[in-house]
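Worksheet: the structure to be examined is printed underneath.
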Amino acid sequence: TSVMAQDSVLNIFFAGVETPWTAGQGSTSFTWDGTTDAGQRAASGSYYVRVEQLDTYGHTITLTKDVSVIQNQTYVELKIFNSAGELIRQIRDYNKVPAASVVLRAPDMIVIAKDNNSKVTITYGAGPDDFIQWDAMNSFGVAVTSGVYELQVTEATETGRVITAEKSLTILNEGNQYLGDIKAVPNPYFGTGPGIEIRWDFAGGAPKPGFATIVIVNMAGERVRTLTARLETGKAMWDMRSSSGNPCSAGVFVAIVEAQGDDGHTQMKKVKLAIARPLNNN
């Protein structure tokens, strides 16, 4: 068993084994710096190093060795949970120095105003640098919706001591406005032409960068087709076909246009569509 201490490097050495990169050297070695594919340090615990070797006859030889990682690195971590208890964001800062005692302070409620990139400052100690900022975005870079969230701050000290404090926060998100009026042309559709074009005006008169996702559903609520377009184009064409490529029959449908700006905020609007005569394939 090998033990990796904090900031050490694990060297995996194979005597008499060569790879295309080590031809003629008589051996091969690999190193692991104790980080994950995401660039974060692996937590303390037991890990397994598995090596697979393929010989010239196509046989695979597998070797496994256990490794113990000991990380006592200091950090301050902020976790945000939604009202369902789901973790929506995790921020860990190794440059922050843990406070002598954790006293979590943050506003009870914040309002994310339109066209405003709000930041929530969470103070966890008495020092001038004892704070973490959250941009009110989830892990996917999308602004969180209005609701109650749970903030959890954790400190890890050099001695391995872990201190945790929690606080609730109410967010009122007014949301950025991207979409003006939504219309469909032609509507109803009489079976001629390339299809129905879903068009949207821009809130405030000027387009904002982002993506638009248009979901077509029938009156039973079943998804028929999903279209995507740049928000700035102001339109998307539906060729009157389902996701499987079949022409849609006559009936009433709803186009749900969801705009997501590059700033992470979202807005949704709907428009009804009518197919008076199915698509003419001739």
Side-chain angles (χ1 to χ4, degrees), residues 38 78-91 106-122 132-152 168-185 187 195-238 242-243 252-273:
L78 171 65
K79 290 182 178 180
I80 298 98
F81 300 86
N82 61 18
S83 57
E86 301 167 327
L87 178 65
I88 64 167
R89 184 72 180 274
Q90 181 177 3
I91 303 170
D108 294 327
M109 181 181 71
I110 68 165
V111 177
I112 302 177
K114 298 176 183 178
D115 301 317
N116 180 32
N117 295 323
S118 301
K119 289 185 181 294
V120 185
T121 300
I122 298 98
I132 293 182
Q133 284 193 323
W134 173 42
D135 57 5
M137 302 282 183
N138 63 18
S139 299
F140 301 101
V142 178
V144 298
T145 57
S146 299
V148 179
Y149 295 84
E150 191 73 16
L151 308 178
Q152 183 186 87
S168 296
L169 169 67
T170 300
I171 290 182
L172 298 179
N173 191 344
E174 295 183 350
N176 283 356
Q177 301 296 308
Y178 308 103
L179 304 172
D181 293 334
I182 306 289
K183 57 185 124 194
V185 181
N187 192 17
I196 294 179
E197 189 172 76
I198 295 97
R199 302 173 183 173
W200 54 88
D201 295 333
F202 303 112
K208 297 176 183 176
F211 281 94
T213 301
I214 303 93
V215 178
I216 312 294
V217 298
N218 58 25
M219 296 311 293
E222 300 169 328
R223 182 176 299 209
V224 176
R225 184 76 178 273
T226 300
L227 310 171
T228 58
R230 285 296 301 180
L231 190 58
E232 307 93 299
T233 62
K235 60 185 178 181
M237 175 64 74
W238 179 33
S242 66
S243 298
V252 177
F253 299 81
V254 176
I256 305 170
V257 181
E258 181 177 7
Q260 179 175 324
D262 289 348
D263 55 10
H265 293 267
T266 60
Q267 184 189 9
M268 183 183 297
K269 286 196 173 185
K270 303 176 183 178
V271 62
K272 279 189 177 181
L273 316 173

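Index from 1, following the sequence.
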Quiz item: For Phe81, what residues pass the ring pair (Phe, Tyr, Trp, His ring centres under 6.0 Å) criterion, not counting sequence neighbours?
Solution: none
Quiz prompt | Non-hydrogen atoms of Met219 and Val254 that approach each other most closely | solution = SD-CG2, 4.4 Å
Quiz item: Glu197: what forms a salt bridge (charged side-chain N to carboxylate O under 4.0 Å, His left out) with it, not counting sequence neighbours?
Solution: Arg199
Exercise. For residues Thr213 and Gln260, determine if any side-chain heavy atom of one lies less than 4.5 Å from a side-chain heavy atom of the other.
Key: no
Quiz item: Is the shortest heavy-atom distance from the side chain of Ile80 to the side chain of Leu151 under 4.5 Å?
Solution: yes
Quiz item: So which heavy atom on Ala255 is nearest to which on Ile216, and how close?
Solution: CB-CD1, 3.7 Å
Practice problem: May I ask you to test the Phe253-Ile196 pair for a side-chain heavy-atom distance under 4.5 Å? | Solution: no
Quiz item: Who are the side-chain hydrogen bond (donor to acceptor under 3.5 Å, both in side chains) partners of Ser242, not counting sequence neighbours?
Solution: Ser244
Self-check item: Taking every non-hydrogen atom, the tightest pair across Lys269 and Ile182
Solution: CB-CG1, 3.7 Å
Practice problem: Could you tell me which residues satisfy side-chain hydrogen bond (donor to acceptor under 3.5 Å, both in side chains) with Thr145, sequence neighbours excluded, listed by chain and number? | Solution: none
Practice problem: Looking only at non-hydrogen atoms, find the nearest pair between Met137 and Val144 and report the distance. | Solution: C-CG1, 4.2 Å
Practice problem: Mind checking salt bridge (charged side-chain N to carboxylate O under 4.0 Å, His left out) for Glu258 and listing every partner two or more places apart, or none if nothing turns up? | Solution: none
Exercise. Tell me, yes or no, whether the heavy-atom count around Met237 atom CE, taken from other residues, nucleotides or ligands under 6.0 Å, exceeds 12.
Key: yes
Quiz item: Roughly how far apart are Tyr178 OH and Gln267 CD, rounded to 0.5 Å?
Solution: 8.0 Å
Self-check item: Pairing residues for Ala203 by the side chain to side chain contact (heavy atoms under 4.5 Å, CB included) criterion, not counting sequence neighbours
Solution: Gln177
Quiz prompt | Where Phe202 and Thr233 come nearest, the two heavy atoms and their spacing | solution = CZ-C, 4.4 Å
Quiz prompt | For Thr121, side chain to side chain contact (heavy atoms under 4.5 Å, CB included) partners two or more places apart | solution = Thr123, Phe131, Gln133
Quiz prompt | Contacts of Ala212 that satisfy side chain to side chain contact (heavy atoms under 4.5 Å, CB included) - sequence neighbours left out | solution = Trp200, Ile214, Leu231
Exercise. Indicate the atoms forming the closest heavy-atom contact of Arg225 with Ser243, along with that distance.
Key: CA-OG, 3.6 Å
Exercise. Could you tell me the separation between the CG atom of Asn187 and the CD1 atom of Ile198, rounded to the nearest 0.5 Å?
Key: 9.5 Å
Exercise. Would you mind checking if Arg89 and Asp135 are paired as a salt bridge, meaning a charged N to carboxylate O distance below 4.0 Å?
Key: yes
Exercise. Determine which pairs satisfy salt bridge (charged side-chain N to carboxylate O under 4.0 Å, His left out) with at least one residue from residues 227-238, sequence neighbours left out, and list them in order.
Key: Arg230-Glu232, Arg230-Asp262
Practice problem: Check side-chain hydrogen bond (donor to acceptor under 3.5 Å, both in side chains) between Asn218 and all other residues, then give those that pass, not counting sequence neighbours. | Solution: Glu222
Self-check item: With sequence neighbours excluded, residues passing side-chain hydrogen bond (donor to acceptor under 3.5 Å, both in side chains) with Thr170
Solution: none
Self-check item: Note, Leu169 side chain near Trp134 side chain (heavy atom, < 4.5 Å)
Solution: yes
Quiz item: Counting distance only, does the side-chain N/O of Thr266 pair as donor-acceptor with the main-chain N or O of Ala259 below 3.5 Å?
Solution: no
Self-check item: Rounded distance (nearest 0.5 Å) linking atom CG of Asn82 with atom CG of Asn138
Solution: 10.0 Å
